[in-house]
Amino acid sequence: MNLAPYAANHLSSIGRQYVEPASQLRNEFQRDRDRIIHSTFFRRLQYKTQVFVSHEGDMFRNRLTHSLEVSQVSRGIARTLGCHEDLAEAIALGHDLGHTPFGHAGQDALNDCMKNFGGFEHNLQSLRVVDLLESKYPSFRGLNLTYETREGILKHCSNKNARQLGRLGQRFLQKSQPSLEAQIVNFADEIAYYHHDIDDGYRSEILSLKMLREINLFNKFYEENKKKYPKSSEEKIVYESVRNMMHCIINDLCKNSLHEIQKNQLASIEEVRLAPALIGYSKNMQKEIAIIKKFSKINIYNHRKILNMSNNAKPIIFKLFEFFQNDFNKVPLEFKQNCNESSERIIADYIAGMTDRFAISLAESF
Ligand code: MG
């Protein structure tokens, strides 16, 4: 592996909470990745909604395929920039482990339920999953991941919660940066979902070709591809143009970030943490991204079909929360190992870990 001096390095990792002997076969970040892939929370992502309801059609993305796409984009960018591909992969695969059923609607509903009990933040929940909730190792709670993977998984955090997290929370209070690998995954997350939500939006017919052509960057590639492939179907030209658009965005991000990294002459990951955010798009691409963002908000995230799903999901979460609040005995024992937590936090842990279909059938059974 060709690591640049500013990359994270498994040989100089800050380490794990519980010291473990080194593996003969895998570096520490590869071990983190493997632990995430073999976790039950990771498998459940398959039945959790990303944006399009997971049980509505087999061809739409769910949280699992989203995580795989983020991982693929992250690895490509990390490799290009001389960063640690295995760390970027581990962070990407773990970044959404704390997501509730029913996408953002589920998260908002759970946050409402928890408003008098410390709230619910899905990034912090992802960290709770890897630190506490995934429970199958005899010698420690959670997955005992390296500091660097945990740092990357905790993308956002309120100051109040950051104060409880020791060293890991410091950067939110000091407004300093995480590793470049963590910064890469944040952008890869956004690049992946803009791309797949547009793709799924077109596939589900909530977006038409005419609407897509409002996106400057898409239209540019669409015009080119129509000339290049005059006999191809509209679908193929659309998919090709979305693909070209994504490629162009990733290229811009790599080129611009490399320029910023070189300008700052970074010699170590410690310098990365003290420097300004270095992964980012060029000025021109920022404008294109703003157009895509606005377009997606209006035409996808606020679309009647997507909002309907939110309206259907929220009562299910409210019903589950109320039921377990009234009858805490019904919460499975494995969630009650955090005995210093409020019963509401334990209920939130349980509900957040549910798949869409499990939450629906459980709520129907009451
Ligand atoms: Mg994500």
Side-chain angles (χ1 to χ4, degrees), residues 32-33 36-37 39 41-54 60-78 85 87-111 120-130 133-134 143 145 148-158 172 178-201 242 246 249-250 253 277 279-281 289 292-293 296-297 300-301 306 309-310 313 352-356:
D32 283 359
R33 173 204 59 203
I36 291 167
I37 290 179
S39 70
F41 279 83
F42 185 72
R43 282 196 294 281
R44 283 191 213 135
L45 295 177
Q46 187 177 0
Y47 300 107
K48 290 192 182 204
T49 292
Q50 174 69 25
V51 169
F52 294 84
V53 187
S54 76
F60 300 130
R61 269 69 167 193
N62 54 52
R63 287 254 167 231
L64 180 65
T65 57
H66 163 70
S67 301
L68 295 176
E69 290 181 32
V70 175
S71 159
Q72 180 256 335
V73 174
S74 301
R75 288 177 58 186
I77 300 170
E85 201 177 323
L87 175 60
E89 184 182 19
I91 296 170
L93 293 176
H95 87 284
D96 268 353
L97 288 176
H99 259 287
T100 60
F102 315 121
H104 281 280
Q107 184 204 303
D108 291 346
L110 200 51
N111 193 29
F120 179 87
E121 298 174 25
H122 69 87
N123 285 293
L124 190 61
Q125 192 66 16
S126 296
L127 189 70
R128 279 179 72 77
V129 167
V130 299
L133 300 178
E134 179 73 27
L143 298 175
L145 302 182
E148 290 76 8
T149 301
R150 296 171 61 239
E151 172 191 54
I153 285 177
L154 190 62
K155 177 175 164 184
H156 296 296
C157 184
S158 63
F172 299 100
S179 68
L180 290 176
E181 289 78 1
Q183 296 180 42
I184 288 169
V185 177
N186 289 346
F187 278 90
D189 187 14
E190 168 181 299
I191 294 170
Y193 68 65
Y194 283 142
H195 162 257
H196 62 54
D197 292 345
I198 288 174
D199 190 85
D200 282 349
V242 174
M246 188 181 184
I249 294 171
I250 295 173
L253 184 83
I279 304 295
Y281 309 112
I289 296 287
I292 298 173
K293 201 171 177 175
S296 303
K297 193 174 169 195
I300 306 174
Y301 309 130
I306 304 295
M309 179 200 87
S310 311
M354 292 178 187
T355 61
D356 292 10

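Worth knowing before you read on, the calculation uses all heavy atoms, side chains too, and leaves out hydrogens, waters and symmetry mates. Numbering of ligands and ligand atoms starts at 1, following listing order.
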Task: Total protein N, O or S atoms, the Mg ion (ligand 1), separation less than 2.8 Å - done: 4
- [ ] Output yes when a side-chain donor or acceptor of Asp32 lies under 3.5 Å from a complementary backbone atom of Leu145, and no otherwise.
- [x] no
Open item on the list: Is the ring pair His122/His104 parallel, tilted or perpendicular, if the boundaries are 30 and 60 degrees?
Closed with: perpendicular
- [ ] Measure the CZ-OG1 distance between Arg63 and Thr355 for me, rounded to the nearest 0.5 Å.
- [x] 13.5 Å
Task: Sequence neighbours excluded - salt bridge (charged side-chain N to carboxylate O under 4.0 Å, His left out) pairs with any residue from residues 64-77 - done: Arg61-Glu69, Arg75-Glu85, Arg75-Glu89
Open item on the list: Ignoring hydrogens and geometry beyond distance, is a side-chain donor-acceptor pair present between Asp189 and His66 at under 3.5 Å?
Closed with: yes
Open item on the list: To check you understand the geometry: which heavy-atom pair defines the closest contact between His195 and Val242, and what is its length?
Closed with: CD2-CG1, 3.1 Å
